[in-house]
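Input: a single structure, listed below in structure tokens.
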Protein chains: 2
Amino acid sequence: MTADQVITVHGDAELIARAGHLFAGTQREFVCAARDLDTWSQPDARQAISRRMRGADTSGITVDKLVSPAALADEAARSHLREVATRGARVRISSAPLPHETIIIDRRVMILAGRGAPGMREFTVTTSPVLVDGVYSLFRAAWETATDLAAYLRGDVPHLDAGSRAVLRALGAGYTDESAARQLGLSLRTYRRRVAELMATLEADSRFQAGLRAGELGLTG
Amino acid sequence: MTADQVITVHGDAELIARAGHLFAGTQREFVCAARDLDTWSQPDARQAISRRMRGADTSGITVDKLVSPAALADEAARSHLREVATRGARVRISSAPLPHETIIIDRRVMILAGRGAPGMREFTVTTSPVLVDGVYSLFRAAWETATDLAAYLRGDVPHLDAGSRAVLRALGAGYTDESAARQLGLSLRTYRRRVAELMATLEADSRFQAGLRAGELGLTG
DNA sequence: AACGCGATGGCAGCAAGCTGCCATCGCCCA
DNA sequence: TGGGCGATGGCAGCTTGCTGCCATCGCGTT
């Protein structure tokens, strides 16, 4: 039995001071899962990282960012995500609650954030291969099933009104148009109009494709 | 800056000896993500755990097991999963590669397995709240988007032959039956027969529902 | 050769889905 | 009051999808 160490630091400033060099030393891969963008919206923390990254050769580095829909709530966060996406990062949205912040660099170092006020969070820095590999696999499992940012924005999921959701539920339940319309108190004509609108929204050419898209976008409940 | 410890043990025997009491001490929740069932298929390890769990009140404990499809490969593993499922555990299948083994008990203790021969793996035991909470969130994110075991077995995903997959692709591409049949070199009649078979397999009443199911079961590529 | 069997495909008829056209209704605004 | 407008629903005609029935074909068995 042996004992590895997990370093715990308090606050962004100490993290930058003690682990900043790890960010700059990224060789191949930088992955990150976070429920919000609080850490990076702290101006001084972001600038400190940016300064360190400047000059580094970032061309061969893949950047994967997994965030929850909450990160799209305000316009500042949206534009930040769009910006990193245009700089080559892959951004995906997970409907499930994510950690406050999990960062894995080159599959060697792992940084996790605990809860706490922005700027004063507790972070742990770990290099144990077993720990890092295990968490990395979990990250990938969550990543694989998440929705791409572009698809998420294209689908504009949250803009589905209650009616469309009801139609979606009826379709998903496998009803015929006739019984679905009856259940929703609509005429057959109107119900089908709704279905047609929904399919247009989902950019689907067939009902099968619409079902597929609806599933992809996590509209099933 | 403080330093927590991560305990590393080698092999199932040492894990049982040093951390076995943690399993028996489970109060509310036992979650586990694993790419295979090697650990639990080791007879002595499983028996040791079973012995410790005996007598403990397991009624109020929720058990969540997330495994990859590989865990359904051989019949022994399948029946083991069915058995834990009937004992109240929730079992889900993730199409993405999972860690060799990740266990989180009561959201307080975390045990991760590294690679290595069954029986001789390296395990880490961690109690750092920041680490455990972070990994727990990732687990939940992967869990949320995984497929329930029952649905997975019902769909019998692996038993889809090449033809069915081709049909699935055509449907997903949004082609009409006519053009899909032409592309696949089938008559319209046969193509529709295939679609009907597929829908029966997916237990779908409508094409929309079939699309939904296909998406759920991760058949889209 | 004769047979059985499963897969295929044509045909026909029906069910379901799609959409243009128009009448109607409720509502807001002038 | 009257006009405009969007949402609704009926109708009709068309397309697409669904399936039972039967003929055919290939293949392996007897």
Side-chain angles (χ1 to χ4, degrees), chain A residues 151 153-221, chain B residues 151 153-221:
Chain A
L153 292 178
R154 166 166 56 75
D156 245 350
V157 182
H159 296 179
L160 280 186
D161 58 11
S164 296
R165 292 186 177 275
V167 171
L168 215 47
R169 245 178 291 120
L171 283 169
Y175 299 134
T176 63
D177 287 9
E178 199 176 331
S179 48
R182 230 180 303 119
Q183 284 196 8
L184 298 180
L186 295 174
S187 76
L188 192 60
R189 182 68 186 88
T190 304
Y191 177 78
R192 286 185 172 150
R193 210 176 250 137
R194 292 286 158 75
V195 174
E197 290 163 4
L198 194 59
M199 285 174 58
T201 305
L202 297 175
E203 295 180 38
D205 292 330
S206 67
R207 290 196 175 200
F208 182 92
Q209 215 178 18
L212 214 52
R213 290 270 160 78
E216 276 177 19
L217 298 173
L219 299 173
T220 49
Chain B
L153 290 178
R154 166 167 52 75
D156 243 349
V157 182
H159 295 179
L160 280 188
D161 58 11
S164 296
R165 291 186 178 274
V167 171
L168 215 45
R169 245 179 292 117
L171 284 168
Y175 299 133
T176 63
D177 287 10
E178 199 175 332
S179 49
R182 229 179 302 121
Q183 285 196 9
L184 298 180
L186 295 174
S187 75
L188 192 59
R189 182 69 186 87
T190 305
Y191 177 77
R192 287 184 172 153
R193 213 176 246 135
R194 292 286 157 74
V195 175
E197 290 163 6
L198 194 60
M199 285 174 57
T201 305
L202 297 175
E203 294 181 37
D205 292 329
S206 67
R207 289 197 177 199
F208 182 93
Q209 215 178 19
L212 213 52
R213 289 269 160 79
E216 274 176 23
L217 299 172
L219 299 173
T220 47

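The structure displayed is predicted, hence computed values, not measured ones. Reminder, nothing fancy here: chain letters follow the sequence lines and each chain counts from 1.
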Discussion item. Of the options D:dC18, D:dT8, C:dG9, whose atoms approach the side-chain atoms of B:Met199 most closely?
Written reply: D:dC18
Item to complete: Would you mind reading off the distance between A:Phe208 atom CZ and C:dA16 atom C1', rounded to a whole angstrom?
Response: 18 Å
Discussion item. On the nucleotide C:dT8, are OP1 or OP2 found under 4.0 Å from the side-chain N or O atoms that B:Thr190 carries?
Written reply: no
Worksheet item: To the nearest 0.5 Å, how far apart are CG in B:Asp177 and CG in B:Leu186?
Response: 11.5 Å
Worksheet item: Rounded to the nearest 0.5 Å, what separation is found between the OG1 atom of A:Thr201 and the CG atom of A:Leu168?
Response: 10.5 Å
Worksheet entry | Non-hydrogen atoms of A:Glu203 and A:Gln209 that approach each other most closely | O-OE1, 4.4 Å
Worksheet entry | Of residues 171-185 of chain A, the positions that come close to DNA chain C - non-hydrogen atoms, cut-off under 4.0 Å | A:Asp177
Item to complete: May I have the distance from A:Leu198 (atom CG) to C:dG17 (atom P), rounded to whole angstrom?
Response: 15 Å
Item to complete: Can you see which heavy atom on B:Leu184 is nearest to which on B:Ala166, and at what distance?
Response: CD2-CB, 4.0 Å
Practice prompt. To the nearest 0.5 angstrom, please state how far the CZ atom of B:Arg182 sits from the CD atom of B:Glu178.
Written response: 5.5 Å
Please list each protein N or O that sits under 3.5 Å from an N or O in nucleotides 19-23 of chain C, with the distance.
{"residue": "C:dG20", "atom": "N7", "partner": "A:Arg189", "partner atom": "NH2", "Å": "3.4"}
{"residue": "C:dG20", "atom": "O6", "partner": "A:Arg189", "partner atom": "NE", "Å": "2.7"}

Practice prompt. Mind calculating the distance between OH (A:Tyr191) and C1' (C:dC18) to the nearest angstrom?
Written response: 14 Å
Worksheet item: Could you give the distance from CG (B:Leu171) to OH (B:Tyr191), rounded to the nearest 0.5 Å?
Response: 4.0 Å
Item to complete: Decide yes or no for A:Val195 and A:Met199: does some side-chain heavy atom of the first lie under 4.5 Å from some side-chain heavy atom of the second?
Response: yes
Item to complete: State whether A:Arg207 places a side-chain N or O below 4.0 Å from either non-bridging phosphate oxygen (OP1 or OP2) of C:dC18.
Response: yes
Fill in: Value rounded to 0.5 Å, distance of CZ in A:Phe208 from CZ in B:Arg213
12.0 Å
Practice prompt. Figure out the CG/P separation between A:Leu188 and C:dC18, and round it to whole Å.
Written response: 10 Å
